[in-house]
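A quick write-up on the structure given underneath.
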Amino acid sequence: MSDPKTPGLGTAEAQPPESTGGRHIIRPYGDTTGDGMVQVSFTLPMAHSKIAEGAAAQLANKMGIDPALVVHAKPMGPDFTFFVVYGRVNHLVDTSIVEVIERDYPLLTPKEANAAIKRAMRRRLVVVGGCIGTDAHTVGIDAILNIKGFAGEKGLEYYRELKVVNLGAQVSVPQLVEAAREEKADAVLVSQVVTQRDAHLLNTREMSAAFREAYPSAARPLLVVGGPRFDETMADELGVDRVFGRGTTPGEVASFIVHRLTQRKAS
């Protein structure tokens, strides 16, 4: 446990959520169980001043935080200020109606994945990946594809029955489609970290539309996108087969690809 004087960090033992008629109601937890305390951060386009701090408190009040205490304010250049606000909300959360995408496929070890591919496909699967648009952040796609991997798991290059083609950064959508056709890709993996003005959503929609135009529906590669600000429930809306969020491991991606493609082959 933390120092009880630190705002926003708990000192009391958390209790299980309240159950009422099949509903599971919880409230944010800060200093004591169910006190409704939260901590939020944001930036305002104002130079740091007492007025700026008052504006931050006013914004927090309008967000339903009352009382709102500005616990941190730091200038971000001459015209912006970053704030951390601590306070209480009265909102409740019903966890019984929360919607998430649960994993609907088994997690496979590399050995199991290789065996499944060899048994069902009788050839190596081809995976093409990269960052599209102006996105130059390859850490995410490299963590999934490169043999060094992520979180103690080897990347897809480690899988004997997978051929991996990593196109790197700033790949245009036409280049991605062309590479997929040349390599006869079974799956296309795209990482998007740049999210200003929803660039990740616009790029993904452009990509999925391009693949629908370039391929018959039955021959289109599996389309998988990932990044820290994707909503995993948006796969259908974005026209892709799967969306992975932050913290996804290579094993999860490999297991999904193997599961979906071997299922497709069996049908």
Side-chain angles (χ1 to χ4, degrees), residues 1-18 24-101 131 133-141 143 150-151 191-204 225-234 243-249:
M1 285 298 179
S2 61
D3 182 346
K5 296 180 181 179
T6 302
L9 299 178
T11 59
E13 183 177 352
Q15 300 298 318
E18 175 186 350
H24 299 274
I25 307 300
I26 60 174
R27 188 191 300 272
Y29 163 75
D31 295 318
T32 58
T33 303
D35 60 9
M37 302 302 285
V38 299
Q39 183 170 290
V40 298
S41 62
F42 52 83
T43 301
L44 291 181
M46 300 177 65
H48 181 226
S49 66
K50 288 291 186 180
I51 292 178
E53 292 193 14
Q58 182 185 123
L59 174 61
N61 284 147
K62 291 184 176 182
M63 295 167 63
I65 302 175
D66 186 22
L69 176 65
V70 177
V71 296
H72 178 73
K74 182 177 181 180
M76 305 288 286
D79 301 316
F80 297 86
T81 306
F82 174 77
F83 296 97
V84 177
V85 178
Y86 181 67
R88 178 179 291 107
V89 296
N90 294 314
H91 308 297
L92 303 175
V93 176
D94 184 352
T95 62
S96 65
I97 60 173
V98 172
E99 295 183 4
V100 296
I101 300 298
C131 302
T134 60
D135 202 325
H137 299 76
T138 62
V139 173
I141 195 68
F150 168 71
S191 172
Q192 291 281 263
V193 175
V194 174
T195 59
Q196 286 87 345
R197 299 186 179 183
D198 287 339
H200 60 310
L201 303 181
L202 297 174
N203 290 339
T204 301
V225 298
R229 289 185 58 184
F230 275 108
D231 181 346
E232 294 183 347
T233 65
M234 292 182 66
V243 174
F244 285 106
R246 64 188 183 281
T248 300
T249 65

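When all heavy atoms of M234 and V243 are compared, the pair lying nearest together is C-CG2, 4.4 Å. Nearest approach of R27 to V89, heavy atoms of both residues: NH1-O, 4.3 Å. Between G133 and N203, the shortest heavy-atom distance links the atoms CA-ND2, 4.1 Å. The two residues F150 and T249 come nearest to each other via the heavy atoms CD2-CA, 4.2 Å. Between A47 and A52 the shortest heavy-atom distance is O-CB, 3.4 Å. When every heavy atom of D35 is checked against every heavy atom of G30, the shortest pair comes out as OD1-N, 3.0 Å.
Put simply, the side chain of E232 never gets that close to the backbone of F244: no donor and acceptor are under 3.5 Å apart. With T95 contributing its side chain and H24 its backbone, the two residues share a donor-acceptor pair below 3.5 Å. Within the 3.5 Å criterion, the main-chain N or O of V194 finds a donor-acceptor partner in the side chain of D135. Put simply, the side chain of T81 gets close to the backbone of M46: a donor and an acceptor are under 3.5 Å apart. Side-chain atoms of D94 do not come within 3.5 Å of backbone N or O of V98 as any donor-acceptor pair. Although no hydrogens or angles enter the test, the distance criterion places no donor-acceptor pair under 3.5 Å between the side chain of T138 and the main chain of I141.
One finds the NE2 atom of H200 at 6.0 Å from the CZ atom of R229 (value rounded to the nearest 0.5 Å). How far CG of L44 is from CD1 of I51: 13.0 Å, rounded to the nearest 0.5 Å. Residue F83 holds its CZ atom at 11.0 Å from CE of M76, rounded to the nearest 0.5 Å. With rounding to the nearest 0.5 angstrom, the CG atom of N90 is 11.0 Å from the CD1 atom of I65. The NZ atom of K74 lies 11.5 Å from the OG1 atom of T43; values are rounded to the nearest 0.5 Å.
Looking at heavy atoms from C-beta onward, M37 lies out of side-chain contact with Y29 at the 4.5 angstrom threshold. Annotation: side chain of L92 is not in contact with side chain of I26 (no heavy-atom distance under 4.5 Å).
Looking only at atom types and distance, the side chain of Q192 has no donor-acceptor partner in the side chain of H137 under 3.5 Å away.
Between H72 and F82, the ring planes are perpendicular. Angles over 60° get that label, and only those under 30° would be called parallel.
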task: Let me see the working for Q39 and V84 under side chain to side chain contact (heavy atoms under 4.5 Å, CB included), right down to the final yes or no.
output: CA-CA 7 Å; Q39 183 170 290; V84 177; 3.6 Å; yes
**Request:** List the steps, then state whether side chain to side chain contact (heavy atoms under 4.5 Å, CB included) holds for V93 with I25.
**Result:** CA-CA 6 Å; V93 176; I25 307 300; over 6 Å; no
Next item on the list: Apply side chain to side chain contact (heavy atoms under 4.5 Å, CB included) to F230 and V225, showing your working.
Entry: CA-CA 9 Å; F230 275 108; V225 298; 4.1 Å; yes
- Message: If you apply the rule side chain to side chain contact (heavy atoms under 4.5 Å, CB included), what do you find for L69 with V85, and how did you get there?
- Response: CA-CA 6 Å; L69 176 65; V85 178; 5.8 Å; no
